[in-house]
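The structure appears right after this line, and notes come after that.
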Amino acid sequence: MPLSTQSQADDEQYVLVASLDNARNLSNILKAIAFKDHAIFSATPNGLKVTVEDSKCLQANAFIQAEIFQEFTIREDSVGFQVNLTVLLDCLNIFGGSTAPGVSTALRMCYKGYGYPLTLFLEEGGVVTVCKINTQEPEEPVDFEFCSTNVTNKVILQSESLKEAFSELDMTSEVLQITMSPSQPYFRFVVKNLKLLSTFGNSGNAHYDYPKDSDMMELFRCDKTQTNRYKMSLLKPSTKALALSCKVSVRTDSRGFLSLQYLVRNDDGQICFVEYFCCPDEEVEE
Amino acid sequence: MKSVLPLFRCLTSIERNVERCQISITPPNDQVMIQFFCRHGITKTHNLCFQESEALQAVFASHLSPNVLKAPARLLSDMVMHFPVSQEEITLSMTPLRVSLRNYYEGGDDHMKNMYTEMSLHPDEFDYFQIGVESDITFCLKELRGLLSFAESHCLPVSVHFGAAGKPVCFSVEDMVLEATVVLATLIDSESRGPSQPTETLAPTTPSCADAAAAVLPVGSCEADSRKPQDIAAVMELIASSQGSPIINPPALMLLLPQIDDSNKLSVADEACHSATTTPASSTICSLLFRALSSEDNDGCAARLPVLAFHSDEEEEDYTREQSCYT
């Protein structure tokens with residue numbers, strides 16, 4: 001592979017080198033959080049974390065462990081930079097993103113450190129492209145202070161059942177209401193159908209109920225009945241992650257903050273995670 | 001209907017996942033609840049608001065119709081296929097020797113620009129052919145197309161019952177689980193005079209009818225005695241010539257849902273009618289419609305044909321009067 005012919009000496013100058021035989025293992029998961037142009041990259045010896053935020057109310061994180069990469073070398077404890085995610089994805093797909101079996105784009109991502117651009121070496125079928133993307137100083141991602149000890153309700157569902165619900169839900173509704181409860185209705189989404197505002201004045205609503213003993217429900221741990229509302233516009237981007245995932249965990253904490261964690265399997269069957277944090281629209285007392 | 005259709009749109013996913021669908025109304029809510037009980041215990045519930053209204057009832061004895069045709073939906077579809085999609089009305093003619101369809105255009109102004117299409121079928125083409133009276137009936141094609149595509153998708157035969165021009169025509173399909181009837185008014189022959197009606201041919205399905213296929217048309221009926229003779233002539237003429245134009249917006253008609261009967265409304269409608277002579281043809285039609293909607297069917301006056309629909313209320317009349325200002 002041409003990329004490996006790069007001299008070892010070059011590598012000394014990079015604080016981060018990450019290689020993938022199949023760039024799609026990175027690009028697919030990044031697409032699931034690409035609802036804003038800019039992303040904060042944070043690399044540690046454990047792997048790569050990419051964060052995208054929206055108006056301090058929504059945060060999406062993609063975790064790609066070091067083991068996913070064919071090579072992952074980091075010379076510092078933590079390397080961070082901000083980069084235009086749209087441009088990065090365009091580069092990763094520079095060869096057209098064909099899905100023909102056996103044909104994949106190889107990637108070598110290198111970063112020299114503060115002030116240097118992010119360099120991507122991409123190769124497919126013997127053709128090599130070098131992309132240099134300017135980096136910015138990374139912003140501090142919002143800390144949603146969502147910790148496991150504060151979690152009041154948690155369910156883990158197989159994504160299949162949710163995927164359909166979300167595709168049917170009236171996405172023009174402003175608000176999505178989620179109820180989690182140890183008793184009926186257990187796990188419920190409610191959407192008000194503003195789009196269907198008829199001449200009769202009052203709009204209707206729709207709700208989707210998932211019983212705790214459904215075979216789609218892998219884990220059901222709800223201590224307290226909670227109903228929270230979230231802006232649909234904030235949650236819409238998460239449907240991309242949902243589409244890629246096979247399982248999703250939905251957790252709410254005592255403040256009503258929502259954490260959605262998606263388990264995504266990449267082309268090679270390896271597991272990555274995508275996480276969405278969303279703050280509630282308004283507390284609804286049940 | 002528009003609110004309900006999206007719920008049933010993804011047929012494949014419904015077939016795959018939904019085990020049972022339940023539609024219910026629980027008073028005192030003004031909401032109808034449509035529930036899908038799906039696999040894995042998942043339940044999807046949709047609540048939609050609705051408004052109470054009385055459904056129009058077609059008072060039409062189709063079994064008394066002198067003329068009857070029955071054919072697979074496919075045959076009728078093939079017949080209407082030859083007419084442009086924009087064709088508003090067609091004329092169905094029946095003689096002992098043939099059944100023909102031709103397009104109908106209003107007025108003579110631009111008749112040089114129109115394309116006239118006529119097609120005929122031999123009576124043998126039909127599964128059932130009964131002719132009691134030779135007639136030419138003109139009715140709205142658009143309404144028929146909807147029923148035909150429905151019938152065709154279910155491979156059902158369509159029965160057509162009709163009589164002389166001016167009497168309603170009834171299209172019906174039935175199978176084991178459903179029966180659908182569409183009654184359309186037909187244009188009266190403009191040569192004939194007398195107390196029988198100017199008729200209406202345009203009316204979409206009223207939204208209150210749960211059965212989408214059972215569309216009922218209000219038929220304009222006038223109490224001949226209460227109108228000045230010249231009005232009748234004017235009205236008759238106006239109607240015949242204005243059939244072609246899409247005078248009434250479906251939304252306007254959709255509002256003409258029958259409400260609680262109020263005999264006071266009759267007088268209001270009268271006014272509407274009398275003002276008809278000074279307003280353009282389109283509003284005349286609107287006024288007549290009111291007339292029909294508000295008059296009672298009870299008197300059994302021999303000079304009047306039965307009213308197919310009744311009741312309207314003030315709001316709606318105001319709306320239509322407003323409409324007529326803009327036409």
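Worth knowing before you read on, the calculation uses all heavy atoms, side chains too, and leaves out hydrogens, waters and symmetry mates. So that the names make sense, note that chain A is the first sequence line, chain B the second, and so on, each numbered from 1.
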Rounding to 0.5 Å, atoms CG (A/Asp209) and CD1 (B/Ile42) come to a distance of 10.0 Å
Value rounded to 0.5 Å, distance of NE2 in A/His207 from CG in B/Asn47: 5.0 Å
Heavy-atom distance under 4.5 Å between the side chains of A/Tyr208 and B/His46, does that happen here? yes
Assess whether atom [atom1] of [X] is packed by more than 12 heavy atoms of other residues, nucleotides or ligands within 6.0 Å.
X        : atom1 : value
A/Lys247 : NZ    : no
B/Arg39  : CZ    : yes
A/Lys163 : NZ    : yes

With only heavy atoms counted, which part of A/Gln158 is less than 4.5 Å from chain B, the side chain, the backbone, both or neither? neither
If we ignore hydrogens and angles and just use 3.5 Å, is the side chain of A/Ser214 paired with the main-chain N or O of B/His40 as donor and acceptor? yes
For the residue pair A/Pro211 and B/Gly41, what are the closest heavy atoms and their distance? CD-O, 3.0 Å
Residues at least two apart in sequence or cross-chain that pass side-chain hydrogen bond (donor to acceptor under 3.5 Å, both in side chains) with A/Asp223, listed by chain then number, are none
Residue list, ring pair (Phe, Tyr, Trp, His ring centres under 6.0 Å) with A/Phe146, at least two apart or on another chain: A/Phe277
